[in-house]
Structures are given as structure tokens and as C-alpha cells.
Amino acid sequence: MKILIVDDFSTMRRILKNLLRDLGFSNTQEADDGLTAWPMLQTGNFDFLVSDWNMPGMTGLDLLKKVRADPQLSSLPILLVTAESKREQIIEAAQAGVNGYVVKPFTAGTLEEKINKIFERVG
Amino acid sequence: MTEVSVVENERLTMARELVALLEAGKDAKADLKIDELSNAGDSELFQEVGRLTRELHEAINGFILDSSIGDLTETGIPDASERLQYVITMTSNSANRTLSAVEASMPLLENLEKGSEQLIEEWEKFTSRQLSRDEFSALSAQIGTFLHSVTDDSKKLHGNMSEVLMAQDFQDLTGQIISKVIDLVHDVEEKLIGLIRISGSKLPAHKKEHGKEVLEGPVVPGVEQGDVVNSQDEVDDLLSSLGF
């Protein structure tokens, strides 16, 4: 299981990386926004994308839309981990095809639960 | 007709008469008319105008004399930006120190866990008398090594925990810095209100720009941010109502 972690704050990337490793996912890579993530996604054979929403360059939502519009990547499971917590934003993300939505600040338990749920569904 | 407009009407008439006298060059009569005009009508109105004029004058003078406005723009605001930048640096350093200490501790804890699990297995064999003499001396050597590693690793863990502890020192400092910036913001707010008062315009009703999508960021208690969810449970409820 190869996972790409996208967040503009390096500390949040480190936290996610450590939490994912604790959950048994040690094969992770990092990108600091959508623009950096996009070429990595295209060539990196990732199985899962964990992304922040509000980032310079390209936001997580735009990255999500771009992934869903790409024939090669469209089925990639995506979890948004973000501080954005307006109802309309959550609905927007859902309509754009997100697989899970975690609001910051979050706990290790929440992250684990959402990831498990995503993989149950994706199979 | 209201009282004020009656007074104004009278004064208007008198002012017209004054203009007529001045145009006719009847200066003496005009002077009398000026006196009449200034005494006429509602003296309270004049007093009020006088008071407002004086207040305005004082306010403008006060505003010009208040050198802190210059300080605010020259040093206050740039200083605040630097202070806040420093807060970002400090919190980021602290987070990285903490994360490094935790990352360094995890493998030590894993070793402790694995080591003791192995020993428990062997130990249980020993207590149920399933160990040969040779196996027992191997176990005893293993215990010896493990105890040494526990001592070493505990010391390292202790050091790492102290590092985590010390990395929290940012809170006090950033708290003080942020308080100072809050004071500055209040100061600027007051000055702006003063400025608006002098210019005489009313504060317009608070209106938020709509249209362009703005990312609000984290929910801040006490700050109105529209229709937001307050917990992960609410996110889950909303998503499940959408068929997730």
C-alpha cells in the first residue's frame, strides 16, 4: 500500500506519516501542495491519497477534481484531512467524489476509522 | 412645521434681508441685522453648533497631536507582522522538536515491547519447568542483555520525554507575543473609529463579501464563520445524509 500525503505544513505531514506508520502503512511519500502532488500521482503508482484542502498552488479540492477527471487515476481513494468545516464545503467535496472527510484537529482513532471505512468500501 | 424649521425659516428671511442691506451698501443697518441674526432664533441651536465645532476642532487637533498613529504605521504594524512570523517559526520549531523526539522514541518502545514479549514466552516455559539447563542459561543471558538494554533505552526515552517537555516552552512566549498584537489591533481599531467619527460618516452596517470562495480555515470559538460543523460526528452525519 503506497500512500501520498499532501499538506503545505511539514509538521502535519510528519504527524500523518507517523500515524499512518502506526496503522501499518509505512510506504508513504509527501508533497506540499496539489501542484507538487500531481506529477507524483501520475507516475508514482499510489494506492491512496491523503490531502489537505487549503494549500497554495493547487488546493486539495482541485487536486481531487483533477484526479477524478483523469482516466488513469479516477478510482484512486482520497481522504481529505482539513480544517475547512463549512457544510457547503463538505457537500462540495462529497459531490467532487471524495472518499472520506476528516476535520482538523483530529484524533488517531478518527483517522484509523475513516481509513478502514474507505478500504472496506473500495475492497 | 417643526420648531427647528420655523427657526431656520426666520433666519433665512433675516439672511436675505442682510444680503439686501449689504448689496445696498447700508453697512450700519447690516451690522444691526448681523447682531439680530446671531441673537435670533434658538440660541440652543447655536450653542450646539458651537459645541460640535469645538469638539471637532479638539478631535482633529488631538488626532494630529497623537504621535502614536505615526508609530503605529511606521513601526507598530510591521513589528506585529514580524512578531506573528516569529510565532509561526516558534510553533513550527516546537512541533518539529516534539515530532523528532517521538520518532526517536517509537523504535525504542518497539524494542522494549518485542524484547519483553520474547522473554515472557521463555519465562513461562521456565516456570512450567519446560526448560533444559542449557536453555535456562541461554535465557539467563538473554535476561541480562535485556535488562541492560532497558536501562539504556529508558535513559534515552527519559531524554526524549524531557525534549518533548521543553519543546512546549513556545506556549508562554507565543502567548505573550500574540497578546501584544491583540493590543495593537485594538489600538488601531480605536484610532480608526476616531477617524470615522471625525469624518462624520456613520459606520456602515457590517456586510460580508460574497461571491468569491474564501477558505475559512479552522473553526475559531467565538468567531462567526457561517454554517460550520463543530465536530467530526457532524461531518459524518452530513456525509451519511448524502449517502456516504
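Every chain is numbered from 1 and lettered A, B, ... according to where its sequence line falls, protein lines coming before strand lines. Side-chain atoms are counted along with the backbone in the values below, which use heavy atoms only and exclude waters and symmetry mates.
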Handout entry: Shortest non-hydrogen contact from A95(B) toward T11(A)
Key =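 So the two residues come closest at CB-CG2, 3.3 Å.
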Practice task
Could you tell me which portion of N18(A) (side chain, backbone, both or neither) has an atom closer than 4.5 angstrom to a non-hydrogen atom of chain B?
Solution key: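 Side chain only.
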[X] atom [atom1], neighbour heavy-atom count above 12 within 6.0 Å:
X       : atom1 : value
Q130(B) : CD    : yes
K155(B) : NZ    : no
M161(B) : CE    : yes
E135(B) : CD    : yes

Handout entry: Side-chain heavy atoms of V228(B) within contact of Q89(A), under 4.5 Å
Key =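 They are not in side-chain contact.
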Practice task
State, yes or no, whether a side-chain contact exists between K114(A) and D236(B) at a heavy-atom distance under 4.5 Å.
Solution key: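 They are in side-chain contact.
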Rounded at 0.5 Å granularity, tell me how far [atom1] in [X] sits from [atom2] in [Y].
X       : Y       : atom1 : atom2 : result
E88(A)  : D227(B) : CD    : CG    : 7.5 Å
L242(B) : Q95(A)  : CG    : CD    : 7.5 Å
L238(B) : Y101(A) : CG    : OH    : 9.5 Å
Q232(B) : K104(A) : CD    : NZ    : 12.5 Å
N99(A)  : L239(B) : CG    : CG    : 11.0 Å
S241(B) : I91(A)  : OG    : CD1   : 7.0 Å

Problem - Audit row: R14(A), S100(B), side-chain contact (heavy atoms from CB on, under 4.5 Å) steps and yes/no - result: CA-CA 9 Å; R14(A) 280 183 82 175; S100(B) 296; 3.0 Å; yes
Practice task
Quick one: which of T91(B), V235(B), V102(B) has the most heavy-atom pairs under 4.5 Å with chain A, could you say?
Solution key: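 The option with the most such pairs is V235(B).
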